[in-house]
There are 2 protein chains.
Amino acid sequence: MATNRVTLADVARSAGVSQTAASFVLSGRGAEMRISADAQERVRRAARETGYRPNIVSRSLRTGTSHTIGFVSDTVATTPFAGHLIWGALDAARERGHLLFICETEGDPDLERELIDAMHDRGVDGIVLASMYTRKITVPRALINGPAVLLNAVASNRSPIPSIVPDETDAGRTAAGVLLDAGHTDRIALIGAAPPRQTPKGSLAAVQRLQGIAETLDRAGVAMLDAIPCPEWQPRSGYEATRRLLEKTTPTALICFNDRLAVGAYQAISDAGLEVPEDISVVSFDDDLIADWVRPGLTTVALPHYELGRKAVHVLLDGGHDRSTGADARPAIHKIAMPLRTRDSVRVVAAAASEPPPGPGEVLGSPGPREVLGPSGPREVLGQT
Amino acid sequence: MATNRVTLADVARSAGVSQTAASFVLSGRGAEMRISADAQERVRRAARETGYRPNIVSRSLRTGTSHTIGFVSDTVATTPFAGHLIWGALDAARERGHLLFICETEGDPDLERELIDAMHDRGVDGIVLASMYTRKITVPRALINGPAVLLNAVASNRSPIPSIVPDETDAGRTAAGVLLDAGHTDRIALIGAAPPRQTPKGSLAAVQRLQGIAETLDRAGVAMLDAIPCPEWQPRSGYEATRRLLEKTTPTALICFNDRLAVGAYQAISDAGLEVPEDISVVSFDDDLIADWVRPGLTTVALPHYELGRKAVHVLLDGGHDRSTGADARPAIHKIAMPLRTRDSVRVVAAAASEPPPGPGEVLGSPGPREVLGPSGPREVLGQT
DNA sequence: TCCAGGTGCTAAATCGGATCAGCACGGGCG
DNA sequence: CGCCCGTGCTGATCCGATTTAGCACCTGGA
């Protein structure tokens, strides 16, 4: 810090009023506190001419609000895919005049406690506790020392802290809907579906995506052809599962439970001498980087990282009022829509019966009414050097 | 902030001493200030039992040091590749009891100024101004209001601010050395070399890498076969350049100026019916994610992002003393070694004449004495979902 | 006996704003 | 003439630490 910062006392002296008056004027309470228009003008001019900026540290000491938020993540911060969580939080914080402390716990509970405490020591207005993938977590005790929200996570223990998570169930509906809308009313198989026990620890995506898919297919009276579980959601597993599926039967559409599984599925389909989407359509989840790299581009239901980050900050800053809405004591769980990214992996077989006939210009691609575009898409990812 | 935080006054009261005495004890100046062993013990016990934690906001107001650092980047924060810059800074800061404010300017000078000011308003101890790729930047005026360092950037205007950059010249020496050590003493071509004017604006890598390469080849008496410039360092350019090269002549080794160019070169080599490394060896720079994905794995000189981030924080916190070392008024430029990542893209033709004969177990791979391993390699990058 | 010097602490000021509790002045009214 | 009230401000206190200045007591030497 430079030693020559202009203080409120300087401004007051230069305007010929008391520090109190200057404070009132600059905090917008001039009229309310009956400061004359003339004096107000003098104060404002002095502030402008001296380049006065209020010292937030001292304000924070007195008022207890620091215009600062803590962002504590397990490993999100330096992870390529979910850096958008931070980006959204950063943007929302800036819009509302806040700055973000960011740190990583690396999954270590002691470190987590230490970092949360360090943030409280610095008087943060609240803490965003973020998880790299959507899951249940046990809320650390240190968090109760102030306002907080859970980002990409829900509390496994009882806790009054609100959560922000992607709407995975609706994503399941969207994925199934894409196929239905494109006229696939038969021979739809699932890659990566797993009974709840076989799912990554605490992960919610597997269960909820399946639920949304099943609900939508049921409602349309479409039976599932098959559902192959995968031990882990990696390309290799997707490859194995799809190969086994193709040995048994011939699907015309696949719903893969994430993009990495879908990449494996692509490989297996190709190995079987078939093509996407001519022989088999593929829909998936996440909108991983690879979804745009594979050919044909993968139609997928995107994790709305940017929006999740934004929402977390907004809920945190507007927080506490959640409890007044409704009489239930359970903490709010805010679900963020997962937008569909339409690419080239779904073949349009026929317009869906339930859809209005397509207009002249929109024969191909058929996004249909299910497409939900995120309020602002991610920026292009840049290379290094 | 919770209302029931324990304050120093509480501790003092509970220990039966004055707040002054308590402050002395807890700041480690108890003996110096002649507080009796008994009183010291009482204070420490009270602090422990009440769970006292000093309020950094108030300390900051009094002492002007907030144990807080600002990290201002253009777009680094949410970029997959260079998130390691932040990770290194985060680790170093935590080791020294500091927390990081992180923000992105998106290249907008107004936003940059606004964010730097916002950080100064919060009493940061210093600011790290980071750039996504190594380049010259004009140091914003707002930065002179406190200690600062430039990360991955050097000042184009006169400025007393120290810089932390990768040692690109030495990286050039390393890349050329890898080939020489593997016995390539002929037919070495460069892909991506460019006259200074044709280089990305302000980028230093092109010039310095070339300088190191040329110096090392010269010293070994090896003439360059050819050097093809590339308008931009992307796979397509690398592909085009290599294709043109292969039409003219037949190199046995390529030095590509970054990994993306090398990926293009791989493609062109394959199209020409040749193989890496049997027909043509390839060395490159950056250690981009793709360097480990392509087959054969690409031997490359890594950008030491993690170390750069660490060093920036250390220089910042130890700063100001730079000027005293040496009589020259120019700001310090700290160059961080770029470690070699040996993979499988370089064929060993023969042990280099200048090298000692290889030991029994190390016939292949020949890392040689040039290999510099970073103090701690990057963690594995995790997927999402 | 007196005082210098050491021991073991404490009162009060300070950092820069926010805020509570008034205070001086002028005009209108009874 | 005295009182009340609205206008337009100001003094003092507070937030929670750090730090300067200094005070009371005791011991030992002259």
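All chains are named by letter (A, B, ...) in the order of the sequence lines, taking the proteins before the strands, and each is independently numbered beginning at 1. What you see is a predicted model; the values in this text were computed from it and never measured.
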Counting primed atoms, P, OP1 and OP2 as sugar-phosphate and everything else as base, the B/S/- map of nucleotides 22-27 of chain C against protein heavy atoms under 4.0 Å is ------
To the nearest Å, give me how far apart [atom1] ([X]) and [atom2] ([N]) are.
X	N	atom1	atom2	result
Leu26(A)	dG17(C)	CG	P	10 Å
Arg29(A)	dG17(C)	CZ	P	16 Å
Asn55(B)	dC15(C)	CG	C1'	13 Å
Arg53(A)	dG16(C)	CZ	C1'	15 Å
Leu61(A)	dC15(C)	CG	P	14 Å
Glu41(B)	dC9(C)	CD	P	14 Å
Gln40(B)	dG8(C)	CD	P	11 Å
Arg62(B)	dA12(C)	CZ	P	16 Å

Is there a donor in the side chain of [X] and an acceptor in the side chain of [Y], or the other way round, less than 3.5 Å apart?
X	Y	value
Arg135(B)	Ser131(B)	yes
Asn152(B)	Thr134(B)	yes
Ser66(A)	Arg122(B)	no

Do NZ/NE/NH1/NH2 and the carboxylate oxygens of [X] and [Y] come within less than 4.0 Å?
X	Y	value
Arg45(B)	Glu49(B)	yes
Asp10(A)	Arg13(A)	yes
Arg96(B)	Asp318(B)	yes
Glu95(B)	Arg310(B)	yes

Its 5'-most and 3'-most nucleotides having an atom under 4.0 Å from a non-hydrogen atom of chain B, DNA chain D is contacted over dG16(D) to dT20(D)
Margin query: Can you list, in residue-number order, the parts of residues 9-22 of chain A that come under 4.0 Å of DNA chain D, counting heavy atoms only?
Written below: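 Here the set is Val17(A), Ser18(A), Thr20(A), Ala21(A).
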Taken in chain and number order and not counting sequence neighbours, the residues that satisfy salt bridge (Lys or Arg N to Asp or Glu O under 4.0 Å) with Arg29(A) are Glu32(A)
By salt bridge (Lys or Arg N to Asp or Glu O under 4.0 Å), Asp38(A) pairs with (sequence neighbours left out) Arg42(A)
Please check if the distance between the ring centroids of Phe101(B) and Phe101(A) is under 6.0 Å. yes
Have a look at [X] and say if it touches a base, only the backbone sugar-phosphate, or nothing, with a 4.0 Å heavy-atom cut-off.
X	result
Leu8(B)	base
Ser23(A)	base
Thr7(A)	sugar-phosphate

Rounded to 10°, the angle between the first-five-pair and last-five-pair axes of the helix from dT1(C)-dA30(D) to dG30(C)-dC1(D) is 90°
From the list Leu316(B), Leu129(B), Leu143(B), Ile127(B), side chain to side chain contact (heavy atoms under 4.5 Å, CB included) with Ile161(B) holds only for Leu143(B)
Least distance between heavy atoms, Ser60(B) atom then Val57(A) atom:
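Shortest heavy-atom contact: OG-CG1, 3.8 Å.
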In terms of heavy-atom contacts, Val17(A) and Ala39(A) come closest through CG1-CB, 4.3 Å
Query - Presence of Tyr52(A) side-chain N/O under 4.0 Å of dG17(C) phosphate oxygens OP1/OP2 - result: yes
Query raised in the report: Near Arg53(B) CZ, under 6.0 Å, is it more than 12 heavy atoms from other residues, nucleotides or ligands?
Result: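 Correct, the count exceeds 12.
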